[in-house]
Structure formats: C-alpha cells, structure tokens
Amino acid sequence: MSCFVDLTTAQIRELLAGMGEPDYRAGQLQHWIYQRLAISFDEMTGLPGRLRQGLAGRMRLHSLTPQQEVMGSDGTVKTLFALADGKTVESTLMPSPTSKGHTRYTVCLSTQVGCPIGCPFCATGQQGFERNLTPGEIIDQVLYFARRLRDRAGESPGSAITNLVFMGMGEPLANYDALWQAIEMLNSPQGFGLGARSMVISTSGLVPGIKRLSQEKLQVGLAVSLHASENALRSRLVPVNKKYPLEELIPVCREYVASTGRRISFEYALFTGVNDSLQQARSLAHLLGGLNCHVNLIAANRTTNPEFRSPVRATVLAFERELKRLRIACTLRQGKGLDIDAGCGQLRSRFLSESKSRVSVRKLA
Ligand code: SAH
Ligand code: SF4
C-alpha cells in the first residue's frame, strides 16, 4: 500500500484529478498534514467525507510506527521507528535552550536503513546496508517529533523545530533523490515551511553528490565527515575514501564553496592514538588552508569497537588549540545525549542485539 507523504505536490494534484477533485484540495490536504500534523485522513474535518474515505481506502497517510524511546538527562530524545516492512530506523530530537528562555529543537534524521559505507567506528556502519528510505519515511521523522512537541510540551507546530541535520543512520547523498524530495517538502511553504539554511546534510564524502548539491537552488548546509587528513588513515576510517580520495574530495569542496558562496563544515571525530596528535592537527590545517570552512571537533562517542576510544579532555583541547593557532575556525562539539548513546545507529544496535541497557527504554509499540 502506498503512502501519502511520499507524494510530491504535483503527484498529489494528479491523484486528486484522477478522483475528480479540484486542485485546491491539494493545499488543504497539505495544510492538514504539515501544519495541523494530522495522523489520519479521518480527522481532516474540513474535507468532504468521500475524499477522506477515498484516500483512506487507497493509501496510508504516514509511514512510521514508534517502537521504543530513550530520553537523556539533557532532554535528548531518541526514538526507534518501525517502517511498513518491519525494518527499523532511529532519529533524535535535541533541545538547545536559548538566551531568551525558549528551547530550540534540532531533529537528527536518518536517510537509509543501515549504511553501505561501513566506517568501523560507527554503530550504523556495523549494521550493513538494507535499503534507502523513501521521501515520506524521511519527512515522517520530522512530523513525528513536531507532533510529540505539540502534544507533550504545548509547542506550536513549525515554531518548535528550528533545525534539521541529516546525520542519523545512512549516507544521505547515496539516497539523493529521496533526500531532495523530502527537503523540498520540508522547506516548501505548502509543506513544513522550514528554511533551507536551517538544514545540514552530512556526508562521508560522495564526490558526485557534493557536485550535484552545489548546483541546487536551495541553500542547504553541507558538512563533510573528514576524520583524517591523509589517505591511508582516511581510507581505514571512512572506506569510501578509496573511491573518492582526498585529492578529489577537497577540490570538490573548494568548488562547492566557490559556486554556492557558502562556508562548508568538516566533521573531525577524535579517536585516541588514531587521529588526535598535534602533528595530525597541523596536517589537517594544511589540507584545509585557504578554504572557507569550519571544523567541528567531536570527541568520539563510545562504541563497541575497542580501537576507537575518545581521547582525554586535555588531548582534545590541545588539538583544538593547535587548529586555532593555525587559523582554522573550529568548535568543540559537545556530544548530545551521551548517556543514551545518541550517536548514530546506537539505539538500533542495542535493539537488534536485544542487550540490556543502562538507561530505561520505553516501549511504545
Ligand atoms: N553518513 C553521514 C551522516 C551520518 S553519520 C556521514 O558519515 O557524514 C553523522 C556523523 O556521526 C558523521 O560525521 C560520523 O562520522 C559521526 N560518527 C559516527 N559514529 C561516531 C562515533 N562513534 N563517534 C563520533 N562520531 C561518530
Ligand atoms: Fe555510514 Fe556515516 Fe556511519 Fe560512516 S559514519 S557508516 S557513512 S552513517
């Protein structure tokens, strides 16, 4: 059975035309879904009963069923969803209090079930690749949290979620078409209406995808997961580097900055004894010299792989100091939801292995 949130606006109009309905019903349906956050056709009371029943008989409205939820002490919520075929993905809601007393929420979204890249330090990378998510499965992660915030925290839809990061499970640029359809609907005023500049795509460095992204009109942000500044080490950490090595990746990043006029971000997760020496900080600064960029340094999340552990705080600070001394803009990112293993793929790993966890996991279904 197909799913309504998988449809573009043009496809919705086409479907309605086939049902003998006027064009303007498309806008009404989208208003119910993206602004009023309806969970069934039945509750769309302004629409004719024949249309609601006709749609309900043909397709599902949404695509995800929440299965489990964990909540961290910092308010981070991580939810595991079941898809229609029984496969599972996870997404995270991360609060950040503002100086004005409001809370801004960022949703970290998954784009694939598992991941084909296979980075050895990443929980998702260890799960193998199962399939791409559909546009609706990506969009529904956002709608779920928007609804949750409205129902539990009284937040108004649209205003509560201020940022989206495509940093959950999977490689977004390996599922480009679905990713882009989802982004267009999440951005569109007829859809969720969130500014493209408030969205960031994180990639392991798929060169053709970065090239394509640099031609898009929507100003979505880009972060490249670098983690190493020389090929041998990067190929070990991010195996797709064998296909798109640094001498191809970095020039494409420079072209992206030139053609979009936007700064690019690089993610650099620090692993003790692997990529955290001062010499490696200098090599990173050399690689990125003259590029309008920002480096996000992240002390590694705990993983089951003993080769990849987080350095002690002093090492992280020394690495950051060295980059700053060499005039590389960088920020030390505080891992969100550390006590709930909010790193990508970690809840699902636990769910798949059915191991006991330190934090209570709430069953939702
Ligand atoms: N596949 C994309 C997006 C999802 S991963 C990518 O790799 O960019 C999001 C980020 O989490 C990436 O920067 C990834 O390298 C990082 N990550 C994964 N496992 C991690 C861990 N154990 N510690 C720190 N960062 C990790
Ligand atoms: Fe995939 Fe990103 Fe994890 Fe690497 S870090 S395995 S690219 S999800």
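Indexing begins at 1, ligand by ligand and atom by atom, following the structure's order. What you see is a predicted model, and the numbers here were worked out from it, not measured in a lab. Reckoned from all heavy atoms, side chains included, excluding hydrogens, waters and symmetry mates.
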Enumerated ligand 1 atoms positioned under 4.0 Å from heavy atoms of [X]:
X	result
E171	1 (N), 2 (C)
C122	18 (C), 19 (N)
S204	6 (C), 8 (O)
H227	13 (O), 14 (C), 15 (O)
A269	24 (C), 25 (N)
T203	6 (C), 8 (O)
E267	13 (O)

Contact with ligand 1 for [X], non-hydrogen, under 4.0 angstrom:
X	value
S310	no
M169	no
G168	yes

- Any non-hydrogen atom of S225 lying under 4.0 Å from ligand 2?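 False for this residue.
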Flag the pair [X] and [Y] as a salt bridge only when some basic side-chain nitrogen lies within less than 4.0 angstrom of an acidic carboxylate oxygen.
X	Y	answer
E69	R148	yes
E21	R50	yes
E90	K78	yes

- Verify side chain to side chain donor-acceptor pair (under 3.5 Å) between R25 and Q28, making sure each step is shown before the conclusion. CA-CA 5 Å; R25 297 265 184 243; Q28 292 177 320; 2.8 Å; yes
- Task: With heavy atoms of G118 as the reference, note each atom of ligand 2 found under 4.0 Å away.
- Result: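 Answer, ordered by atom number: 6 (S).
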- Query: Which of the atoms of ligand 2 are close to G170, meaning less than 4.0 Å from one of its heavy atoms?
  - Reply: 8 (S)
- Does C122 put an N, O or S atom under 2.8 Å from atom 3 (Fe) of ligand 2? yes
- State whether the shortest distance between N or O atoms of G170 and N or O atoms of ligand 1 falls below 3.5 angstrom. yes
- Does any N/O atom on F121 come nearer than 3.5 Å to any N/O atom on ligand 1? yes
- Task: May I ask you to check whether F81 and Y144 place their ring centres under 6.0 Å from each other?
- Result: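 Centroid separation for Y144 and F81: below 6.0 Å.
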- Side-chain donor-acceptor contact under 3.5 Å, T331 with H294: yes
- Task: Please determine, by modelled atom types, if T111 and E171 share a side-chain donor-acceptor pair under 3.5 angstrom.
- Result: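 No, because no side-chain N or O of T111 sits under 3.5 Å from a partner of the opposite role on E171.
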- Task: Please work out which of V238, N301, T124 has its closest non-hydrogen atom nearest to atom 24 (C) of ligand 1.
- Result: N301
- Query: Does a side-chain heavy-atom distance below 4.5 Å link Q141 with L133?
  - Reply: yes
- Between Y176 and L206, is any pair of side-chain heavy atoms under 4.5 Å apart?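 They are not in side-chain contact.
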- Indicate the ring-plane relationship of F121 and F271, choosing parallel, tilted or perpendicular according to the 30° and 60° boundaries.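 Rings of F121 and F271: tilted, 30 to 60°.
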- atom 1 (Fe) of ligand 2 to nearest N/O/S of C115 less than 2.8 Å: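 True for C115.
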- Which one holds for C119 and ligand 2: side chain close, backbone close, both close, or neither close, with close meaning a heavy atom under 4.0 Å?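 Contact part for C119 vs ligand 2: both backbone and side chain.
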- Contacts of type side chain to side chain contact (heavy atoms under 4.5 Å, CB included), residue R309, not counting sequence neighbours: T272
